[in-house]
Amino acid sequence: MHRIEMLEKFIMVPLFLTGMCVSFFGVIMRYIFNSPVHWVEEIFSLTLVWAIFIGFSTALKNNNHIALDLVYAVLPKKAQRVLDFIGYLLGIAFSIFFLYYGTLMVIEAFKIGGVSLDARIPLWITSLIMPLTGLLLLLAYIEKIIMFFKNKGQEEEQNDGILAG
């Protein structure tokens with residue numbers, strides 16, 4: 001999983017930087033040279049959306065998503081673990097949904113053969129982020145489930161040690 005996280009960062013950071021540079025270029029061309037470049041908005045949107053979507057799985061792995069744990073925090077540990085497990089299963093279902101329908105979307109865009117208006121990027125390429133995000137999230141949720149069961153075994157060993165001691 002470490003390699004996947006490195007690959008995510010290797011892709012995400014240049015995309016984000018490219019988006020920022022393209023945006024800066026667009027501002028300079030529009031307001032200093034009074035010569036707007038129309039493809040700038042498409043490239044900016046595409047690179048930022050791709051960077052953000054790839055960042056979803058990284059945020060999940062690092063527990064950086066927004067969470068409202070007002071009720072969760074006062075629940076007993078067993079109830080928290082049950083909710084965690086249900087959340088992971090729902091996340092896996094969502095990831096599979098994203099992966100499946102994203103793949104269908106890419107296939108349909110490829111069949112149609114459309115391109116973006118200004119930059120002329122094939123729409124199937126812009127749509128690839130959907131199944132890619134679904135796959136990355138699925139892998140991250142699988143990792144969460146594996147860690148869930150590993151931690152369960154460690155908790156039981158700690159409890160056995162406390163009871164024996």
Side-chain angles (χ1 to χ4, degrees), residues 1-70 72 83-151:
M1 280 306 205
H2 181 65
R3 287 188 182 127
I4 292 173
E5 199 167 332
M6 293 297 291
L7 180 62
E8 288 170 353
K9 288 179 183 173
F10 183 75
I11 295 170
M12 186 174 32
V13 171
L15 281 171
F16 187 77
L17 291 175
T18 300
M20 293 296 105
C21 289
V22 166
S23 177
F24 182 70
F25 170 76
V27 169
I28 297 294
M29 292 303 292
R30 177 180 300 268
Y31 294 107
I32 293 180
F33 294 107
N34 200 25
S35 179
V37 181
H38 299 287
W39 53 262
V40 165
E41 291 176 34
E42 277 184 15
I43 300 296
F44 173 73
S45 297
L46 179 68
T47 55
L48 239 52
V49 165
W50 271 64
I52 290 167
F53 272 53
I54 291 171
F56 289 163
S57 62
T58 303
L60 175 64
K61 285 181 228 163
N62 297 326
N63 295 319
N64 289 333
H65 284 286
I66 295 172
L68 297 173
D69 61 353
L70 184 65
Y72 178 86
L83 286 177
D84 288 342
F85 188 70
I86 291 169
Y88 298 151
L89 291 178
L90 288 172
I92 286 173
F94 173 78
S95 301
I96 291 170
F97 175 85
F98 222 62
L99 177 61
Y100 178 74
Y101 284 102
T103 301
L104 291 180
M105 190 169 77
V106 170
I107 291 168
E108 189 63 30
F110 186 79
K111 284 181 188 176
I112 292 171
V115 294
S116 65
L117 293 175
D118 292 324
R120 311 297 296 163
I121 299 170
L123 294 179
W124 70 269
I125 291 175
T126 63
S127 301
L128 273 175
I129 192 59
M130 301 302 278
L132 177 62
T133 299
L135 178 62
L136 291 173
L137 282 172
L138 180 61
L139 293 172
Y141 275 112
I142 289 171
E143 182 180 17
K144 288 279 190 187
I145 291 270
I146 290 168
M147 295 309 294
F148 177 85
F149 286 111
K150 275 187 179 179
N151 290 342

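Partners of Val40 under the side chain to side chain contact (heavy atoms under 4.5 Å, CB included) rule, at least two apart in sequence or in another chain, are Val22, Phe25, Val37. Shown here are the side chain to side chain contact (heavy atoms under 4.5 Å, CB included) partners of Met130, two or more places apart in sequence or in another chain: Phe53, Phe98, Met105. Shown here are the side chain to side chain contact (heavy atoms under 4.5 Å, CB included) partners of Pro122, two or more places apart in sequence or in another chain: Trp124, Ile125. Annotation: ring-ring contact (aromatic ring centres under 6.0 Å, His included) contacts of Phe10 (sequence neighbours excluded): none. For Glu42, there are no salt bridge (charged side-chain N to carboxylate O under 4.0 Å, His left out) partners two or more places apart in sequence or in a different chain. For Ser95, the side chain to side chain donor-acceptor pair (under 3.5 Å) criterion is met by no residue, not counting sequence neighbours. Not counting sequence neighbours, Glu108 has no partner by the salt bridge (charged side-chain N to carboxylate O under 4.0 Å, His left out) test. Residues satisfying the side chain to side chain contact (heavy atoms under 4.5 Å, CB included) criterion with Leu46, sequence neighbours excluded, are Trp50, Ile121, Thr126.
Considering only heavy atoms from C-beta on, Leu138 comes within 4.5 Å of Ile92 through its side chain. Contact check for Lys61 versus Ile4: side-chain heavy atoms found under the 4.5 Å cut-off.
In terms of heavy atoms, Pro131 sits closest to Leu99 at O-CD1, 3.2 Å. The nearest pair of heavy atoms linking Pro14 to Ile11 is CD-O, 3.4 Å.
A 6.0 Å sphere centred on CG of Asn62 holds more than 12 heavy atoms belonging to other residues, nucleotides or ligands. For OH of Tyr72, the number of neighbouring non-hydrogen atoms (other residues, nucleotides, ligands) closer than 6.0 Å is greater than 12. For CZ of Phe110, the number of neighbouring non-hydrogen atoms (other residues, nucleotides, ligands) closer than 6.0 Å is 12 at most.
Legend: salt bridge (Lys or Arg N to Asp or Glu O under 4.0 Å) pairs involving residues 84-104, not counting sequence neighbours: none detected. Residue pairs meeting the salt bridge (Lys or Arg N to Asp or Glu O under 4.0 Å) criterion with at least one partner in residues 111-131, sequence neighbours excluded, do not occur; the list is empty. The side chain to side chain donor-acceptor pair (under 3.5 Å) pairs that include a residue from residues 127-141 number zero, where partners must be two or more places apart or lie in different chains. Within the structure, no pair that satisfies the salt bridge (Lys or Arg N to Asp or Glu O under 4.0 Å) test touches residues 18-27, not counting sequence neighbours.
Here the CZ-CD1 distance, from Phe56 to Ile54, works out to 10.5 Å after rounding to the nearest 0.5 Å. Summarising the geometry, atom CG belonging to Leu136 is positioned 4.5 Å from atom CG belonging to Leu132; distances are rounded to the nearest 0.5 Å. If you take CG on Leu128 and OG1 on Thr103, they are separated by 9.0 Å, rounding to the nearest 0.5 Å. Here the OG1-CE distance, from Thr18 to Met20, works out to 10.0 Å after rounding to the nearest 0.5 Å. Taking OH of Tyr88 as the reference point, atom CG of Leu83 lies at 11.0 Å (rounded to 0.5 Å).
A distance-only check finds a donor-acceptor pair linking the side chain of Ser45 to the backbone of Glu41 [under 3.5 Å]. Side chain of Lys9 to main chain of Thr58: no donor-acceptor pair is present (N/O by atom type, distance under 3.5 Å, no hydrogens or angles).
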Practice task
Test Thr47 against Leu17 for side chain to side chain contact (heavy atoms under 4.5 Å, CB included), laying out the working first.
Solution key: CA-CA 9 Å; Thr47 55; Leu17 291 175; over 6 Å; no
Handout entry: Worked verdict on Leu7 versus Arg3 for side chain to side chain contact (heavy atoms under 4.5 Å, CB included)
Key = CA-CA 6 Å; Leu7 180 62; Arg3 287 188 182 127; over 6 Å; no
Exercise for the section: Check the pair Leu48 / Phe16 against side chain to side chain contact (heavy atoms under 4.5 Å, CB included), numbers first and verdict last. Expected result: CA-CA 6 Å; Leu48 239 52; Phe16 187 77; 3.7 Å; yes
